[in-house]
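Read the structure below first, then the notes.
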Amino acid sequence: MREKIIEIIGLRTSFFTDEGEIPAVDNVDFHIHEGEILGVVGESGCGKSVTSLSIMGLVPKPPGKVVGGEILLNGQNLVKLPEKKMRQIRGNEVAMIFQEPMTSLNPLFTIGHQLIEGIKIHTKLDKKKSREKAIEIMKRVGLPRTEELLDEYPHQLSGGMRQRVMIAMAMACNPKVLIADEPTTALDVTIQSQILKLMKQLNEEMNTAIMLITHDLGVVAQICERVVVMYAGKIVEEGEVQAIFKNPKHPYTEGLIKSVPDIRTKTERLYSIPGNVPKPGSIKQGCRFAERCEYAFDRCFVENPELYPVDDNGHRVRCFLHTGEEETKHAGAFTTSQ
Amino acid sequence: GCKGSSETGTSKNENTSEEENNNEETPVEVQKELVYGRGGDSSSLDPITTTEGEAFKVTVNIYETLLKYSEGGTEVEAGLAKEWKVSDDALTYTFTLQEGVKFHDGTDFNAEAVVYNFNRWMNGDADKFPYYTMFGGYKGDEGHVIKEVKAVDELTVEFTLNRPQAPFLKNLAMSPFGIASPKAIEEFGDKLRENPVGTGPFKFVSWKPDDTITLEKNPDYWMEGYPKLDSIIFKVIPENSARLNALIAGEIDLMDGVNPSDKAQIESNQDLQIFTRPANNVAYLGFNVTKEPFDNKLVRQAIAHAIDKKSIVEAFYGGMAEPAKNPMPPAMEGYNDEIEDYEYDLDKAKELLKEAGFEDGFEMELWAPSIPRDYMPEGMKVAEVIQSSLAEIGITAEIKNDEWVPYLDKLAAGEPEVFMVGWIGDNGDPDNYLYTLLDKDAIGSNNYSYYSSDELHDILIEAQTNADQNARNELYKQAQEIIHEDIPWVPLAHTTPMIVGKKNITNFVPHPTGSDIFTKFEFK
Amino acid sequence: MPELVKNELPIKSNVQKDEVISPWKEAWRSFRKNKLALVGTTIVLFFVFLAVFAPVIAPAGIDDKALVNRLKPPSSENWLGTDDFGRDILSRIIYGARISLWVGLLSVLGSAVVGSFLGILAGYYGRWIDTLISRVFDIMLAFPSILLAIAVVAVLGPSLQNALIAIAIINVPNFGRLIRSRVLSVKEEEYITAAKAVGMKDSRILLHHILPNSMAPIIVQGSLAIATAIIEAAALGFLGMGAQPPNPEWGKMLADSKQYLIQAPWTMIFPGLAVMLTVLGFNLMGDGLRDALDPKMKQ
Amino acid sequence: MQEPLLQVSDLKKYFPIKGGVLGKQVGEVKAVDGLSFFVNKGETLGIVGESGCGKSTTGRLILRLLEPTEGKVLFNNQEVTTLSKSELRKLRREMQIIFQDPYASLNPRHTVEKILEEPLIVHGIGDKTERRRRVKEMLEVVGLSSYHAKRYPHQFSGGQRQRIGIAKALMTNPSLIIADEPVSALDVSIQSQVLNLMEDLQKEFGLTYIFIAHDLGVIRHISDRVGVMYLGRIIELADSEKLYTKPLHPYTNALLDAVPIPDPDYKKESTGISGEIPSPSNPPTGCAFHTRCGQCMDICKTTRPEFKEVEEGHYVACHLY
Amino acid sequence: MFAYTMRRLLMVIPVLIGMTLIVFSILRAIPGDPARQILGQRATKESIAELTTKLGLDQPWYTQYIEYMKGLLTGNLGESLRTKAPISEEIWPFLAATIELALVAMIIAILIGVNAGIISAWFQNSWFDYTAMVIALIGVSMPIFWLGLMEQWAFSIQLGWLPTTGRENIRNPVDAITNLYLLDTLINGRMDQFVEVLKHLILPSIALATIPMAIIARITRSSMLEVMRSDFVRTARAKGVKMFWVVYKHSLKNAVIPVLTVIGLQTGLLLGGAILTETIFGWPGIGRYIFDAIGFRDYPVVQSGILVVATFFVFINLIIDLLYAFIDPRIKYN
Ligand SMILES: Nc1ncnc2c1ncn2[C@@H]1O[C@H](COP(=O)(O)OP(=O)(O)OP(=O)(O)O)[C@@H](O)[C@H]1O
Ligand SMILES: Nc1ncnc2c1ncn2[C@@H]1O[C@H](COP(=O)(O)OP(=O)(O)OP(=O)(O)O)[C@@H](O)[C@H]1O
Ligand SMILES: [Mg+2]
Ligand SMILES: [Mg+2]
């Protein structure tokens with residue numbers, strides 16, 4: 001088995017607002033192996049971005065704060081690291097790209113400036129060398145007219161090109177881990193497939209581990225090896241892509257997969273999960289999905305399930321239906337959530 | 001005014017001797033530069049072209065007139081002319097000029113120069129040389145007094161008049177009639193207003209508009225040993241209190257325009273001294289006697305009884321004024337001291353009102369100047385006090401004001417029914433008060449009351465043409481009685497304006513005209 | 001693994017059944033939580049109270065002159081001392097609150113009404129009306145406001161009423177521009193398109209949709225503009241171009257006593273403080289209103 | 001064949017581009033550049049395409065929320081583009097629109113009741129009690145409770161708001177509803193709720209939909225027929241089934257190819273397409289797609305292919321056919 | 001960029017014309033007779049009428065306006081009725097005095113305001129933030145004429161640290177070259193005078209700077225807060241850029257546009273609003289020049305003075321607009 005490059009143990013990140021503490025990420029643990037692509041899926045507001053920002057040490061503070069847990073990068077706990085050390089890791093060992101290529105680039109600086117800046121910070125190369133390096137990496141991510149592009153501003157580029165620039169920026173220092181927070185959501189399908197291809201290619205060529213956050217299950221199925229499903233600040237299921245898609249254990253995962261219309265066949269009627277995504281922190285007790293869950297029974301409303309292992313390949317699920325003991329006992333004994 | 005000046009005069013002599021002693025002991029440390037703080041800038045440095053007092057404060061030190069006023073008074077003395085003769089018919093005046101006087105540009109001062117200046121002025125118009133109207137108009141005008149100005153020889157000038165003018169010599173001494181260098185006039189033309197060249201104790205150096213005017217000593221000045229100062233800087237600081245602050249801080253040495261309210265503070269300051277300028281002004285509450293109900297003498301008298309001049313003077317003149325009972329200041333020849341003022345008596349006022357048929361009072365507008373004047377440093381506030389008093393006898397007064405110039409326009413046009421205003425004398429002659437302000441000829445210009453009395457008119461005209469001073473004085477006393485009885489205005493106060501300077505100032509005698517010549521001024 | 005069954009139950013809302021939160025209520029809730037805003041409101045209410053009940057509260061009248069009592073320092077009789085007419089400064093400040101609030105409120109009301117009208121006209125109808133109105137605003141804004149106010153007062157003559165008019169005039173373009181840009185952006189909102197799609201008339205769209213949605217910035221700007229208007233009125237009063245005696249306008253009080261700065265500093269300090277406090281109150285309140293009402297801050 | 005409910009022919013919309021020193025028009029955006037299609041009563045016509053290809057503009061043109069530059073829109077045999085303002089207003093009872101952004105399309109200052117009631121007021125339908133009753137009814141129809149009526153939009157979640165938007169569109173009993181990306185902003189689990197609702201409503205009220213979306217899966221699910229747009233034109237239009245199983249146009253092909261399939265076993269071997277959509281202000285000559293087309297021929301660069309019916313009910317604009 | 005600049009320049013023209021119209025009509029409406037003013041208290045009716053004709057004041061207003069515009073286009077601002085000097089020559093020292101004062105005030109306001117705003121945003125909710133913002137709030141609520149008087153009272157009168165009035169030590173006057181005294185003293189190599197001039201500048205410029213400083217601090221803070229929440233700032237941090245540079249480079253440049261707008265607006269207000277400060281501190285500036293002229297009904301001076309200030313203001317805003325385009329490459333395209 002490959003080494004775990006990042007291991008997250010019991011991470012808790014909260015926002016302290018007027019309404020009190022909002023636990024956006026609540027006791028999350030998972031890991032990323034060297035060179036793998038890990039998918040993180042979940043509906044909006046479930047804490048995907050906050051998890052990734054926690055890894056980068058970029059949770060907006062105030063009001064946010066990592067209140068517990070460890071984030072180990074090669075065994076080094078990033079949570080405890082002083083800002084100065086953290087800076088040396090950001091963009092160097094762990095890089096990140098964001099959802100909106102339009103707003104993620106500074107509109108007032110040229111592409112070249114923004115690319116070279118990162119290179120200079122971490123490599124101590126001089127201006128000319130940095131520029132060469134920038135051009136090299138731009139070519140690698142498939143950007144045309146590299147020389148001219150360096151002097152252009154973000155608004156002169158199309159969305160796809162901007163996202164390539166973002167990737168170039170992230171890959172400039174050969175990071176071990178790339179965190180991509182919904183890198184293709186804002187793009188058209190044709191462009192999305194180009195970008196995904198590029199990421200896959202970089203992953204293979206440079207052996208960069210990628211943590212790919214998305215809410216599109218298609219994307220996960222297409223390029224990820226393992227996947228983590230989040231719901232309301234918690235991981236509800238984790239496992240290899242095959243396992244999750246073929247044999248989803250958590251009612252939420254299953255519902256999610258079933259809700260997506262498929263282009264290959266015409267579905268008569270879509271499955272839909274009732275109710276709304278809860279705000280983090282709004283459910284104080286029991287399983288957070290219980291309210292929308294068709295299988296929920298009494299225990300679900302009072303007790304918080306843990307991540308129970310399903311098999312030996314790391315497939316885990318947070319559901320009382322799969323505790324082993326309870327599974328047989330309660331099979332078929334459904335209580336509606338109302 | 002005379003009393004004050006003579007006092008300063010005596011102390012001056014003592015100071016001089018003291019100062020000479022001081023000079024011997026510490027010859028180096030004496031200040032030779034005077035910074036004079038004032039409220040506004042000069043509009044011109046060619047004095048004939050302006051009527052603004054601020055201009056003359058500077059020009060009297062650059063230019064000299066044929067005759068000048070006595071120190072601290074308005075008697076006529078020798079100036080550029082060392083002596084003069086008047087013909088018996090009072091139509092020919094012959095002046096003998098000082099010898100060896102030079103203009104600042106090095107040219108000689110002589111009879112030709114005098115003729116040149118007068119010809120320049122009399123050929124102008126009211127727009128160019130407004131002050132020349134003192135001589136009844138311009139060349140060719142019907143009332144023009146001067147027929148001819150002639151250079152008899154190098155140092156003798158002869159004036160021939162069309163008709164006698166009693167205050168002729170006093171007029172000649174007025175600051176606007178400073179003699180300028182003919183060469184400079186030719187050279188600068190209208191720009192003389194920025195490039196003054198005279199014969200005075202100080203030469204012009206520079207002018208930063210609305211800020212400073214700098215003069216320096218005229219080393220060739222004809223009065224031996226004078227001036228004492230090396231330079232004078234006239235500095236504009238518009239706010240009275242700011243100016244005083246600057247004085248306290250030592251940024252300036254001398255200032256005029258002192259808030260009466262600051263008097264106590266100044267007196268308690270060890271480093272400052274107060275000079276007083278002899279009163280040559282009057283502040284008054286005027287009625288437009290053509291308007292109802294002020295056409296009724298009883299109403300006017302009632303209001304006169306309702307004004308507490310004493311308190312007003314106390315509170316808003318800082319005591320630096322005396323309540324007025326006549327239209328002209330007491331120090332002036334011909335002042336009628338026998339007149340008894342309308343005393344402050346509200347009951348009497350009410351009675352008079354009742355008699356006039358205004359038992360229940362009435363409503364009126366009370367106009368007051370919004371900017372401080374020498375004779376009325378806090379016009380608005382005085383108006384407020386009068387307003388309150390009037391309220392007590394049942395008259396509701398609404399205070400109105402306007403910018404200074406339109407204010408005067410309104411007064412001249414006879415719009416306001418009751419108004420507060422005043423007058424600063426130009427030349428120390430009663431004519432300059434009584435005729436200028438109250439004669440029927442002056443309606444539309446300075447007779448804001450539109451008061452018209454034929455009796456008074458006859459008296460004033462006679463006084464104008466009679467050359468005998470005693471006879472004139474009697475005539476003026478008579479005139480004051482008429483005015484007191486008819487009461488077209490309530491005289492309020494004669495101010496003795498304060499001038500504050502540093503303690504080490506000596507030989508300084510403020511002049512009643514408001515323009516001080518600093519020839520003898522010096523620091524201890 | 002159990003079968004999933006179809007679930008089409010009505011959606012449960014996460015809001016309590018009887019809880020209706022209007023946007024105003026919501027704004028009020030967040031306003032209430034803003035401490036500074038509450039301080040500001042308290043200050044404003046305090047001065048409003050003074051203004052309304054001046055005759056009851058004030059120990060003396062507006063214009064009770066007593067020259068014997070001139071320039072007395074603060075004492076138990078005259079808490080804030082007396083001025084040069086011997087009038088009680090506290091009483092005059094209390095009555096002065098009437099003037100300042102009145103000028104602030106009325107001038108801002110005037111400029112808000114006129115400005116909003118022009119702004120809506122320009123923003124909604126566009127084309128040449130917009131060009132014309134916007135140009136006029138540009139031109140008016142090209143003058144520094146105090147200068148323009150002074151010029152207006154110079155034309156109309158110095159009086160409180162004219163100062164009020166001058167202040168209203170100089171504030172018109174501020175409101176006009178604000179409303180215009182607000183209308184322009186609201187006009188592009190999807191719910192306006194939706195309203196058009198329903199077949200709504202322009203007038204109804206304007207009155208029911210655009211106007212209510214432009215209110216918030218008007219209120220915020222209004223509150224802040226009252227603050228400025230009070231300062232401007234005081235400045236005009238200070239220059240002698242505003243209220244006339246014996247009106248106890250604060251700026252005029254300052255101007256009348258500046259000569260006593262050294263001799264009787266209380267004549268200067270208290271009216272100045274009154275201006276500052278009132279303005280501060282309105283500024284704090286305006287800030288709070290902005291935070292509460294500005295939709296950008298919400299969500 | 002039945003009479004179509006809506007017939008669009010050669011519809012165009014050019015937006016001017018202003019520029020230069022004097023702000024003169026220096027060009028135009030050909031947002032919609034010659035559209036022709038029809039919609040039958042009771043069916044759902046899906047329109048897909050990448051962003052900026054003119055989908056929303058098309059929707060707005062049909063409703064005449066935008067004035068078309070050229071072309072005809074025949075609705076119920078009535079020419080829409082020449083109607084007077086008041087006639088148009090009447091027509092709007094029959095045609096409604098649902099928007100993409102559930103947050104922006106409801107007036108934040110009105111209660112749900114007011115929002116829903118307004119179309120009735122505008123068209124003078126019913127009195128107050130009737131209107132109120134209908135509001136309650138409609139709320140239940142879209143799966144909300146009648147006690148929601150007094151609330152304000154910000155008190156609802158995105159999915160609920162979209163339901164309100166749908167209810168609003170249905171208030172006047174329209175026959176045609178144009179849905180402009182009604183589910184793009186919603187989470188997957190909510191999206192399926194709304195899609196189901198729309199389908200139910202269609203059945204219940206016999207509605208006709210023009211359903212605009214960029215998600216090919218959603219379009220396939222909901223549409224009877226599908227039109228694919230590229231740079232202001234429909235390049236292929238066919239039965240949903242046909243289009244997805246046997247696409248003709250290379251662009252449709254590429255588009256379908258690019259969609260990630262939520263099935264880890266599904267492997268495609270396509271290469272995808274390169275490049276991005278050209279700017280509509282400066283579209284390529286000839287076939288607008290030729291710059292990205294793998295099967296580009298010389299004729300594609302010069303001549304704009306005709307939009308023709310190659311099989312029954314299957315239209316395509318491509319020189320290959 | 002050229003087209004943008006040209007377009008902005010063209011847009012200025014109607015504004016300038018509108019300004020001349022307003023200035024012109026405002027002053028024609030003022031009651032009071034200038035002829036009477038020049039001739040003074042003793043003038044006769046005839047001489048007033050004569051002068052009125054000579055000045056063209058009896059002409060219809062449009063004739064006067066056309067004449068006025070003709071003059072303006074040839075750089076002739078008219079002649080002061082009071083001093084008879086051409087205004088174009090006379091006005092510069094006043095304008096320079098105000099410019100110097102406003103400039104120093106603005107530099108103080110910008111340096112302190114911008115930095116206070118940045119630091120407040122950077123350390124949001126810290127004690128610095130709270131203190132700075134409370135001070136700023138008091139600052140914007142400050143009647144500056146009152147502040148000026150209080151300053152004078154404290155620092156000049158009570159403590160005697162700084163001079164009360166004027167621009168220079170009267171006894172050690174500056175040789176004016178440009179009339180910007182700081183510059184002039186440097187040109188003349190007179191450090192002693194430079195220090196004097198600086199001392200005179202301190203109190204009035206602080207009084208004048210207070211409001212803009214407070215406003216700038218507030219707007220900088222809110223603008224920075226907004227920018228610092230944006231994605232590209234997160235990107236910069238994710239690259240490992242030092243916080244200092246994230247704040248002072250990436251964020252500031254993006255946050256600066258609203259700040260610039262305010263700076264432009266406030267500079268204009270300073271030029272006009274200096275009247276109050278100039279009165280209190282005896283500063284011979286343009287505000288007082290105009291204010292005095294109003295009292296004297298010196299039409300041409302009031303007209304030209306206001307026009308010059310407003311024109312200045314318009315051009316400052318023009319420069320600011322051009323700066324926008326310089327800072328933000330997106331602007332010139334739309
Ligand atoms: N700055 C913030 N202040 C307060 N709460 C926040 C803040 N940022 C995030 N949260 C809370 O954290 C929760 C998780 O947010 P996060 O951005 O991680 O969601 P996400 O899974 O990335 O959603 P999306 O798919 O919409 O990007 C949100 O529900 C939100 O309530
Ligand atoms: N009001 C307008 N003025 C100028 N151009 C416009 C306007 N509205 C739309 N456009 C342009 O027309 C083109 C088509 O826009 P439209 O909104 O119809 O696209 P769309 O297919 O709906 O895209 P999306 O999927 O992003 O919603 C775009 O290039 C757009 O920039
Ligand atoms: Mg996210
Ligand atoms: Mg669209």
Side-chain angles (χ1 to χ4, degrees), chain C residues 36 39-40 43 131 135-157 224 227-228 230-232 234-235 237-241 250-251 254-255 257-258 261-262 265 268-269 271-284 287 290 296-297, chain E residues 11-12 14-19 21-23 25-32 133-134 137-138 140-147 149-150 152-153 157-158 211 218 226 265 267-276 279-280 287 290-291 294-295 297 302 305-307 309-314 317:
Chain C
L36 280 180
V39 172
I43 296 175
T131 316
R135 274 302 94 74
V136 171
F137 287 167
D138 282 351
I139 291 166
M140 287 177 74
L141 287 172
F143 296 97
S145 54
I146 275 281
L147 213 55
L148 198 61
I150 288 175
V152 172
V153 174
V155 171
L156 301 174
L224 297 173
T228 336
I230 290 175
I231 287 203
E232 274 158 356
F238 186 77
L239 289 173
M241 306 191 92
W250 294 335
L254 282 175
S257 7
K258 47 174 196 246
L261 179 57
I262 300 170
M268 283 292 299
I269 291 174
L273 271 179
V275 177
M276 205 197 78
L277 267 178
T278 320
V279 172
L280 183 67
F282 276 103
N283 275 330
L284 285 171
D287 275 5
R290 174 170 40 219
K296 248 202 312 199
M297 307 290 280
Chain E
M11 276 164 66
V12 162
V15 173
L16 289 179
I17 292 175
M19 270 164 31
L21 260 174
I22 288 195
V23 159
S25 49
I26 278 181
L27 291 159
R28 294 293 132 171
I30 295 179
M133 286 308 118
V134 167
L137 254 166
I138 294 174
V140 289
S141 312
M142 189 65 81
I144 51 168
F145 43 95
W146 185 63
L147 177 68
L149 285 168
M150 291 292 150
Q152 210 174 38
W153 180 66
I157 299 169
Q158 298 299 326
I211 288 184
R218 281 157 58 89
E226 201 175 315
L265 270 175
T267 311
L269 292 183
L270 281 196
L271 288 175
I275 285 188
L276 295 161
T279 308
I280 292 163
I290 295 170
F291 191 67
I294 290 179
R297 291 295 176 273
V302 180
I306 293 187
L307 197 64
V309 173
T311 309
F312 226 84
F313 191 15
V314 167
N317 281 324

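Chain letters run A, B, ... following the sequence lines, proteins first and then strands; every chain starts at 1.
- In this structure, the side chains of C/Leu239 and E/Phe291 come closer than 4.5 Å at one or more pairs of heavy atoms.
- In this structure, E/Val140 and C/Asn283 approach most closely via the heavy-atom pair CG2-ND2, 3.6 Å.
- Considering all non-hydrogen atoms of both residues, C/Ile269 and E/Met150 come closest at CG1-CE, 3.6 Å.
- Only the side chain of E/Ile280 has a heavy atom closer than 4.5 Å to any heavy atom of chain C.
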Please tabulate, for the side chains in residues 138-147 of chain C, all donor-acceptor contacts under 3.5 angstrom to protein atoms that are two or more places apart in sequence or on a different chain.
unit_1, atom_1, unit_2, atom_2, d
C/Asp138, OD1, C/Arg177, NH2, 2.2
C/Asp138, OD2, C/Arg135, NE, 3.2
C/Asp138, OD2, C/Arg135, NH2, 3.4

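- The residue among E/Thr279, E/Asn317, E/Ile290, E/Leu269 with the most heavy atom pairs within less than 4.5 Å of chain C is E/Leu269.
- Annotation: maximal heavy-atom pairing with chain C below 4.5 Å, among E/Val314, E/Leu149, E/Leu307, E/Ile144, occurs at E/Leu149.
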Going through the checks in order, is the side-chain contact (heavy atoms from CB on, under 4.5 Å) test met by C/Asp287 and E/Arg218? CA-CA 11 Å; C/Asp287 275 5; E/Arg218 281 157 58 89; 2.8 Å; yes
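- Annotation: maximal heavy-atom pairing with chain E below 4.5 Å, among C/Thr228, C/Thr278, C/Val275, C/Leu273, occurs at C/Leu273.
- The two residues E/Leu276 and C/Phe238 come nearest to each other via the heavy atoms CD2-CD2, 3.8 Å.
- Between chain C and the options E/Phe145, E/Phe312, E/Phe313, the largest number of non-hydrogen pairs under 4.5 Å is found for E/Phe145.
- Looking at C/Ala227, there are no atoms closer than 4.5 Å to chain E (heavy atoms on both sides), in backbone or side chain.
- With rounding to the nearest 0.5 angstrom, the CG atom of C/Leu277 is 9.0 Å from the OG atom of E/Ser141.
- At a 4.5 Å heavy-atom cutoff, the contact between E/Leu137 and chain C is made by backbone and side-chain atoms alike.
- Contact record, C/Ile231 with E/Pro143: CD1-N, 4.1 Å, taken as the closest heavy-atom pair.
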